[in-house]
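Right, one structure below, let's go through it.
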Amino acid sequence: MRRPRGRPNTTLLVPLLVPLVVTALTVPAFGGLAPVAGAQEPAEQVSNGDFAAGLQPWWHTETAPAEVVDGRLCADVTGGTVNPWDAIIAQNGITLADGEAYELSFTASASVPTTISTNVQLSAEPYTTALSERVALGTDMTELRYSFTSNLATDAAQVAFQVGGSAEPWTFCLDDVSLRGGEAPPPYEPDTGPRVRVNQVGYLPSGPKHATVVSDAAEPFAWRLADAGGTVVAEGTSRPQGTDPTSNQPTHHIDFSGFREEGTGYTLTADGATSHPFDIRQDVYSALRTDALAFFYHQRSGAEIEAEYVGDEYARPAGHLQVAPNRGDIEVPCQPGVCDYTLDVRGGWYDAGDHGKYVVNGGISAAQVMSTYERALHADGGDPAELADGSLAIPERGNGVPDVLDEARWQVEFLLRMQVPAGHQQAGMAHHKVHDQNWTGLPLLPHEDPELRELHPVSTAATLNLAAVGAQCARLFDEYDPGFAARCLGAAETAWDAAKANPDRYADPNDGTGGGAYSDNDVTDEFYWAAAELYLTTGSDEYWAEVAASRHHDTEVFTDSGFGWASVAALGMLNLATVPSELPADRLTFVRDAVVQGAQRYAATATAEAYGVPYAPSGYEYVWGSNSQVLNNMVVLATAYDLTGRAEFADAVLTGWDYLLGRNALNQSYVTGYGEHDARNQHHRFWANQVDASLPNPPAGSLAGGPNTGIQDPVAAEHLAGCAPAMCYIDDIGSWATNEVTINWNAPLAWMASFTDDLAAGQQSPEESTCSVSYRVRDEWTGGFVAEVTVTNTGIEPLRGWTASWQYAGDQRVTSAWNARVTQAGTAVTAENVAWNATVAPGGSARFGLQGTWQGSNPRPEAFTVNGTDCA
Ligand code: 9MR
């Protein structure tokens with residue numbers, strides 16, 4: 001599947017133009033390049049030469065699987081290869097200047113004395129060398145230094161240790177690699193494209209349409225919207241907004257919401273710049289809904305990823321089914337001293353670009369995938385048919401179960417396997433994670449991973465994730481597989497009891513070799529989330545008491561930075577507010593108000609931010625995976641929209657999308673396959689096209705982590721030092737801190753795309769209709785019912801006062817109403833606004849409720865008018 005890479009060198013290929021000055025030095029640092037006091041030290045061209053940051057950006061061939069052990073790189077070189085270049089450890093992307101003096105230095109050893117080739121050369125054909133040395137290594141780590149003058153001017157050289165050609169296997173170890181000389185690498189200049197920043201995918205016809213222009217013009221300037229043929233279809237004037245603190249860019253704002261005509265290839269021109277093209281259409285989010293969900297099938301562990309569902313490019317054998325060289329995941333031992341049993345923990349989704357499987361972020365991911373369905377089931381305007389059986393390309397399609405639930409089940413089954421079985425110490429607790437004993441390099445397909453897999457200690461956080469997810473699983477699967485639902489609930493209740501008995505088992509923050517630590521020393525939010533889910537599923541007072549007593553049962557749960565794997569109380573609150581339950585009205589009002597208040601803050605943020613993003617963490621410290629925080633804030637906004645129908649919440653969701661899809665400081669769409677300038681080189685061991693052209697880029701619908709002011713990886717550290725918060729991102733496979741993918745980031749992406757596609761479907765084109773009315777029976781009992789009615793303005797003018805009318809087909813009688821004045825004559829009902837909801841902006845809604853009686857049957861009315869006009 002993979003093309004042999006880093007094919008050699010050497011003098012065979014190109015005669016050297018400049019004679020090499022090669023000296024093996026045993027003496028002082030820098031030889032001829034020794035720094036003079038006060039003079040500038042020669043620039044370092046190698047990143048992470050001491051392996052302090054792990055393997056990246058070093059790579060190795062399959063014949064030299066390398067890992068970082070005791071702070072140095074060691075590779076078990078296979079025997080039986082012929083040429084030096086049959087086994088390589090290298091770093092690409094090295095810049096060399098013609099005629100400049102350089103010194104390469106490193107320490108290295110061989111488990112049996114061996115001669116290797118050390119080259120500084122072009123990393124692709126014709127592989128011209130600037131330095132090529134045969135180096136005899138002994139068993140002790142020895143320091144070596146070579147000076148040379150470059151005959152190359154390139155930014156695509158590599159430092160390569162060619163360690164092949166030995167009949168017998170041996171181990172090569174390497175440390176402190178340095179290549180000094182030349183200029184410091186030029187500061188990274190991101191290609192930010194045109195200064196007019198738009199949602200590169202498109203806008204909904206009835207939605208808000210905003211753009212941001214980078215310009216220091218003091219005065220407003222004219223903008224023009226042109227269609228694909230270049231005809232100007234709308235015009236207006238910008239609004240200067242000053243300097244944006246997230247990017248340090250001076251910006252102007254453009255609002256072209258008034259334009260609603262569907263079309264493709266629109267462009268916006270202002271201040272001498274023209275935006276990337278974009279569409280205006282109703283179905284902007286339709287494909288993204290399925291693409292974002294398809295990500296999870298791609299990430300499945302323990303299953304062959306079949307071409308029938310993903311195409312040839314993305315097909316791969318099953319990983320981690322204990323087929324050599326895999327050593328897991330069927331009888332996985334614990335780390336030494338942690339337990340005395342093995343567990344079968346096959347299946348689930350790989351976390352990210354690595355092959356670890358972690359219960360804490362695995363739990364929130366399964367929950368948000370299940371919630372994608374649960375929201376569609378219960379929300380006004382939610383359309384579960386879009387997620388039904390047959391909606392996704394997965395092997396379970398056609399089994400009668402909604403595909404999104406089938407996909408979630410793949411992960412839930414794995415989470416259940418992570419629970420300590422009865423009869424063992426700590427029974428009922430969940431292991432925090434399972435992953436490789438050592439970090440592996442890139443690329444590496446899952447089925448080729450040779451590392452030992454280990455279970456790590458149990459943790460309270462993991463156990464509560466299992467409790468929450470198990471409870472949610474139980475209520476959603478009851479209809480399709482009661483046996484599985486019962487198993488989920490049993491595991492959830494056992495987990496809850498175990499967590500109560502072991503409330504402070506925290507994962508070790510230093511347990512980060514071979515996999516992420518995912519440590520979290522505050523599990524009060526996990527207790528809250530689990531109690532909320534168990535309450536919603538069982539209705540038990542015991543769990544409600546836990547919810548009510550928690551400090552997270554508070555209107556402040558929706559913080560500026562948003563929720564995520566380590567901060568999950570919001571998940572409990574959102575579901576309490578939306579999943580039908582026995583919650584008494586006052587408690588329901590409390591949680592719904594909390595959601596709405598949180599959403600109001602996020603909506604205000606979106607309005608204030610230069611790029612419309614509903615995310616403003618304290619000090620603008622964009623976190624690792626900031627794009628998922630943006631999405632989770634959008635989830636709160638969307639839930640508030642579902643509850644209230646208020647247009648301001650839907651608008652902030654849509655400007656959040658604009659940010660993610662290109663209207664941002666970098667002019668970058670963070671979703672692969674969406675937009676003119678999309679993320680394509682996310683950190684991943686299989687979708688590793690950037691380091692191996694025979695491998696694919698990430699599939700469409702993969703979300704990059706996004707700007708991260710921490711820039712913790714060497715590529716980000718090298719290129720982004722000093723970056724403004726929203727610009728701390730680089731689309732490079734080596735930047736795992738800004739550009740990885742994970743299941744817990746794609747889960748809110750899928751949730752949001754599903755919501756937004758439903759939202760779009762509910763908004764009729766203005767030509768077709770100017771109103772829609774949804775009538776939902778929220779509660780029904782013998783002889784009585786409560787209904788909730790939402791009147792939506794799908795026209796382009798505000799509604800100033802409204803009267804909605806319908807006919808009952810059965811014998812219903814309205815006995816009381818709230819938020820509207822309702823009268824009934826025979827079967828005809830009219831509902832008139834009250835003062836505070838009289839005005840409904842385009843795209844906005846007003847909602848009211850009523851209680852009534854019925855006899856015989858209680859069918860929903862089908863046709864509605866608003867102010868005498870027929871509605872959709
Ligand atoms: O998403 C995680 C982020 O919140 C943490 O700050 C970071 C450092 O601990 O780890 C992130 O998760 C990574 C995990 O540790 C290993 N697999 C890839 C994950 C995404 O980068």
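Order of listing sets the numbers, starting from 1, for every ligand and every atom in it. This one's a predicted model, so the numbers in the text were calculated from it and none came from an experiment.
Applying the salt bridge (Lys or Arg N to Asp or Glu O under 4.0 Å) criterion to R601, with sequence neighbours excluded, gives no partner residue. Qualifying salt bridge (Lys or Arg N to Asp or Glu O under 4.0 Å) partners for D560, counting only residues two or more places apart in sequence or in other chains: none.
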Pairs under 3.5 Å, N/O atoms on ligand 1 and on the protein: can you put them in a table with the distances?
from: ligand 1; atom 1: 4 (O); to: W565; atom 2: NE1; distance (Å): 2.9
from: ligand 1; atom 1: 12 (O); to: Y518; atom 2: OH; distance (Å): 3.1
from: ligand 1; atom 1: 17 (N); to: D351; atom 2: OD2; distance (Å): 2.6
from: ligand 1; atom 1: 17 (N); to: D354; atom 2: OD1; distance (Å): 2.9
from: ligand 1; atom 1: 21 (O); to: W624; atom 2: NE1; distance (Å): 2.9
from: ligand 1; atom 1: 21 (O); to: E740; atom 2: OE1; distance (Å): 2.9

Please tabulate, for side-chain N and O atoms in residues 565-575, each donor-acceptor pair with protein atoms closer than 3.5 Å (sequence neighbours left out).
from: N575; atom 1: ND2; to: E533; atom 2: OE2; distance (Å): 2.8

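Using a cut-off of 4.0 Å between Lys/Arg side-chain N and Asp/Glu carboxylate O, E413 and R346 are scored as not salt-bridged.
When all heavy atoms of N746 and A292 are compared, the closest pair comes out as ND2-O, 3.2 Å.
For the pair Q91 (side chain) and W59 (backbone), a donor-acceptor distance under 3.5 Å is absent.
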